[in-house]
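So you know, we letter chains A, B, ... as the sequences are listed, proteins then strands, and number each from 1. Note that the structure is a prediction, hence the values are computed from the model and not measured.
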Amino acid sequence: MATGDRPISPHLQVHRMLPNMAQSITHRITGAALTVGTLLLVYWIGAAAAGPEAYAAAQGLIGSILGRLLLFGWTWALFYHLCAGIRHLVWDTGHGYDLRVTDLSGWAVVGGSVALTLLAWIVGYMVMG
Amino acid sequence: MSDGTPTSLRTALGRVRGLGSAKSGTEHWWLQRLTSVALIPLTLWFAISVISLVGAPYEEVRAWLARPWSAVLMILMLVATFHHAAAGMQVIYEDYIHSHWLRLAVDLATKGLAFLLAAYGVVAVLKIAFGG
């Protein structure tokens, strides 16, 4: 199929970056990152099933500085994708397209994801003692 | 239609099916939404559970995952997560990979890996749940 010389619509690069665009792109990037992050989830469950030695190794890996940094990013990506996903589900019902509401919900997603991430880690460290 | 003048070239059967020219309709889109709705409570349950298990010894984590509700919710979360992930990656590939065969190869590889990891995770949970 010859598609090379067909006219194409203006692509991403011609638009000025706006918060909504950045949030939409971030939703995709966090989605793709979480897809890779499932490896960590399955590794953890698999280690728990394999036995005490395997689980201790997994705990050591996840508990290391690099592991914690990865897990912190993983936590934020999860909460961002969750909050932004709920925003998308509301849009799917046909609501929330008003410019003011869209701006507000966008920043609520950013703020909510950061707040939930910090909350999760603060409570996590409190549980660990 | 009542005066016998056709208002569309589409057949009556085609109108009833309502799929347009895409043949497969809105199933992919709908399943992506369905899994996303399911993943809201599942993700929150998972996050709260994992946070309460931070630093817990091996036996405690096993005992938690062996409980029927934990095992069921974890399996449902794994299935919904991998379905949602594969569906989402497919859309990303469709947008950015323009070579048909490369797109097909990458999409199939992703779906194969998603099936593999989901099955591995489910079996691991079942082993803990039934293994005692």
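- Two different hydrophobic clusters hold B/Met77 and A/Ile86 under the rule that ILVMFWY side chains link at heavy-atom gaps under 4.5 Å.
- Other residues, nucleotides and ligands place more than 12 heavy atoms under 6.0 Å from the CH2 atom of A/Trp91.
- Ranked by heavy-atom pairs under 4.5 Å with chain B, the list A/Ala50, A/Gly31, A/Gly46, A/Ala56 is led by A/Gly46.
- How far CZ of B/Phe82 is from CG of A/Leu41: 6.5 Å, rounded to the nearest 0.5 Å.
- The same ILVMFWY cluster, assembled from side-chain heavy atoms under 4.5 Å apart, contains both A/Tyr80 and A/Val36.
- Under the 4.5 Å side-chain heavy-atom criterion for Ile, Leu, Val, Met, Phe, Trp and Tyr, A/Leu61 and B/Tyr120 are members of distinct hydrophobic clusters.
- Here the closest non-hydrogen pair linking A/Ile45 and B/Ala124 is CG2-CB, 3.7 Å.
- Counting heavy atoms of neighbouring residues, nucleotides and ligands inside a 6.0 Å radius, atom CG of A/Leu99 does not exceed 12 of them.
- For A/Phe79, the part sitting under 4.5 Å from any heavy atom of chain B is the side chain, from C-beta outward, and nothing else.
- Looking at B/Thr110, neither its backbone nor its side chain comes within 4.5 Å of chain A, counting heavy atoms on both sides.
- Per-residue counts of heavy-atom pairs under 4.5 Å with chain A were compared for B/Leu53, B/Asp95, B/Leu113, B/Leu65; the largest is that of B/Asp95.
- Looking at A/His81, the atoms closer than 4.5 Å to chain B (heavy atoms on both sides) all sit in the side chain, from C-beta outward.
- Ranked by heavy-atom pairs under 4.5 Å with chain B, the list A/Thr75, A/Leu39, A/Thr38, A/Leu78 is led by A/Thr38.
- Proximity to chain A (any heavy atom under 4.5 Å) is restricted, for B/Val61, to the side chain, taken from C-beta onward.
- Both B/Val50 and A/Phe72 sit in one connected hydrophobic cluster of ILVMFWY residues. Membership requires side-chain heavy atoms under 4.5 Å apart, directly or through other members.
- Counting only distance, with no hydrogens or angles, the side chain of A/Gln59 and the backbone of B/Ala56 share a donor-acceptor pair below 3.5 Å.
- Classified by interplanar angle (parallel below 30°, tilted 30° to 60°, perpendicular above 60°), the ring pair B/Phe46/A/Trp44 is perpendicular.
- Nearest heavy atom pair, residue B/Ile92 against residue A/Ala32, reads CD1-CB, 4.3 Å.
- Residue-environment remark: CD1 (A/Ile65) stays at or below the threshold of 12 foreign heavy atoms within 6.0 Å.
- No single ILVMFWY cluster, assembled from side-chain heavy atoms under 4.5 Å apart, contains both A/Leu18 and A/Val109.
- Residue contact with chain A, scored on non-hydrogen atoms closer than 4.5 Å, involves the side chain of B/Leu78 exclusively.
- Of the atoms belonging to B/Leu44, it is side-chain heavy atoms, and not backbone ones, that fall under 4.5 Å from chain A.
- At a 4.5 Å heavy-atom cutoff, B/His100 makes no contact with chain A through either its backbone or its side chain.
- The contact between A/Leu89 and chain B is made entirely by side chain atoms (from C-beta outward), counting heavy-atom distances below 4.5 Å.
- Interface remark: A/Ile62 contributes no atoms to any contact with chain B (heavy atom separation under 4.5 Å).
- In this structure, the portions of B/Val91 lying under 4.5 Å from any heavy atom of chain A include both its backbone and its side chain.
- A/Val127 approaches B/Ser52 most closely through the heavy-atom pair CG1-O, 3.8 Å.
- Contacts of A/Leu34 with chain B are absent, with no heavy-atom separation under 4.5 Å from either backbone or side chain.
- If you measure heavy-atom distances from A/Leu116 to chain B, you find no contacts under 4.5 Å at all.
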